[in-house]
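Data block below; observations after.
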Amino acid sequence: MDHDDDSPESIDQRIWLTVCAIPRGMVATYGDIAQRAGMPGAARRVGVALRRLPRGTSVPWYRVVNASGRSSLPPGPDGADRQHALLQEEGVALLPGTGAFRKHRWR
DNA sequence: ATCTTGACAATTG
DNA sequence: GCAATTGCCAAGA
């Protein structure tokens, strides 16, 4: 029985669902998402999946940060700046020195 | 089939 | 704490 889809779209779907599982007000790393999605070491694959997300998606992509606890997106209003703003609305400030990342890290 | 790129991670200086 | 290097895995040209 082939219920295991190796299709790229199915992989994206699984990653998105995992991201949706991140509780509000918390953040997770790409590596954590990858491991939880069933593909440890494929942190980059997570980045690809998130990049493929449409605008106005219900997937909380902004809750995913890199291992440094920082936005991995390029600077700009539609990049790190956007992510930072959205997280701040949930009470998460990725400010250096505050240790907010470790404090709100979800695993 | 080969090479390059990418919203990463861990290690080292 | 930051910058450079190496490793990993999959998608795109």
Side-chain angles (χ1 to χ4, degrees):
Chain A
M1 11 185 240
D2 24 273
H3 39 79
D4 259 19
D5 299 343
D6 291 4
S7 270
E9 282 210 355
S10 195
I11 297 175
D12 287 346
Q13 199 72 43
R14 188 147 70 247
I15 292 174
W16 294 339
L17 286 173
T18 307
V19 173
C20 285
I22 305 175
R24 188 177 177 284
M26 296 210 191
V27 293
T29 68
Y30 291 89
D32 287 346
I33 296 299
Q35 182 158 23
R36 211 178 159 83
M39 33 182 144
R44 292 197 105 120
R45 184 64 266 262
V46 175
V48 173
L50 293 183
R51 181 62 188 81
R52 294 192 96 175
L53 279 171
R55 294 172 146 184
T57 178
S58 49
V59 179
W61 55 269
Y62 52 86
R63 290 181 190 149
V64 184
V65 297
N66 59 28
S68 303
R70 289 300 230 170
S71 174
S72 208
L73 277 67
D78 285 327
D81 210 5
R82 181 79 175 144
Q83 181 170 19
H84 196 278
L86 287 168
L87 281 177
Q88 221 171 24
E89 274 190 41
E90 295 198 344
V92 182
L94 298 182
L95 299 173
T98 61
F101 160 58
R102 299 187 182 182
K103 190 170 161 188
H104 291 279
R105 183 171 185 178
W106 174 70
R107 38 218 211 118

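Ionic pairing of Arg107(A) and Asp32(A) is not present here: no N-O contact between side-chain nitrogen and carboxylate oxygen is shorter than 4.0 angstrom.
As a whole-Å value, the separation of Ile11(A) CD1 from dA10(C) P is 8 Å. Atom CG in Asp78(A) sits about 14 Å away from atom P in dA7(B), given to the nearest Å. Between the CH2 atom of Trp16(A) and the P atom of dA7(B) there is a distance of 15 Å, rounded to whole Å. With rounding to whole Å, Arg14(A) atom CZ is found 12 Å from dA10(C) atom P. The nearest whole Å value for the distance from the CD1 atom in Ile15(A) to the P atom in dA10(C) is 11 Å. Protein atom CD of Gln35(A) is 14 Å distant from nucleotide atom C1' of dC8(C), rounded to whole Å. One can place CZ of Phe101(A) at 12 Å from C1' of dA9(B), the figure rounded to the nearest angstrom. The CH2-C1' distance, from Trp61(A) to dA7(B), rounds to 9 Å in whole Å.
Contact annotation for Thr29(A): backbone-only contact, meaning every heavy-atom pair under 4.0 Å involves sugar-phosphate atoms and none involves a base. Arg44(A) comes within contact range of at least one nucleobase, with a heavy-atom separation under 4.0 Å. Backbone-only contact: Arg52(A) has heavy atoms under 4.0 Å from sugar-phosphate atoms and none from a base.
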### Summary
Dot-bracket assigned to DNA chain C with the 3.5 Å Watson-Crick/G-U criterion, [ ] for crossing and | for other-strand pairs, is .||||||.|||||

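Placement of Val48(A) and Val64(A) in two distinct hydrophobic clusters is found when ILVMFWY residues are connected by side-chain heavy-atom separations under 4.5 Å, directly or transitively. Leu95(A) and Val92(A) fall into different hydrophobic clusters, where Ile, Leu, Val, Met, Phe, Trp and Tyr residues are linked whenever their side-chain heavy atoms come under 4.5 Å apart, directly or through other members.
Taking 4.5 Å as the limit, every side-chain heavy atom of Val19(A) sits out of range of all side-chain heavy atoms of Leu17(A).
Heavy-atom distances to DNA chain B give each of Gly31(A) and Val48(A) a nearest nucleotide, and the one nearer the 5′ end belongs to Val48(A).
For Asn66(A), the listed nucleotide lying nearest its side chain is dC8(B); candidates were dA11(C), dC8(B), dC9(C). When distances run from any side-chain atom of Leu50(A) to the nucleotides dA7(B), dC8(B), dA10(B), the shortest one goes to dA7(B).
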### Task
Step by step, work out the side chain to side chain contact (heavy atoms under 4.5 Å, CB included) result for Ile22(A) and Ile33(A).
CA-CA 9 Å; Ile22(A) 305 175; Ile33(A) 296 299; 3.8 Å; yes

### Pair Trp61(A)-Arg82(A), side chain to side chain contact (heavy atoms under 4.5 Å, CB included): steps then yes or no
CA-CA 11 Å; Trp61(A) 55 269; Arg82(A) 181 79 175 144; 4.1 Å; yes

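In terms of polar N and O atoms assigned as donor or acceptor, the side chain of Tyr30(A) never comes within less than 3.5 Å of the base of dA9(B) in a complementary pairing.
Gln35(A) CD: 12 or fewer foreign heavy atoms inside a 6.0 Å radius.
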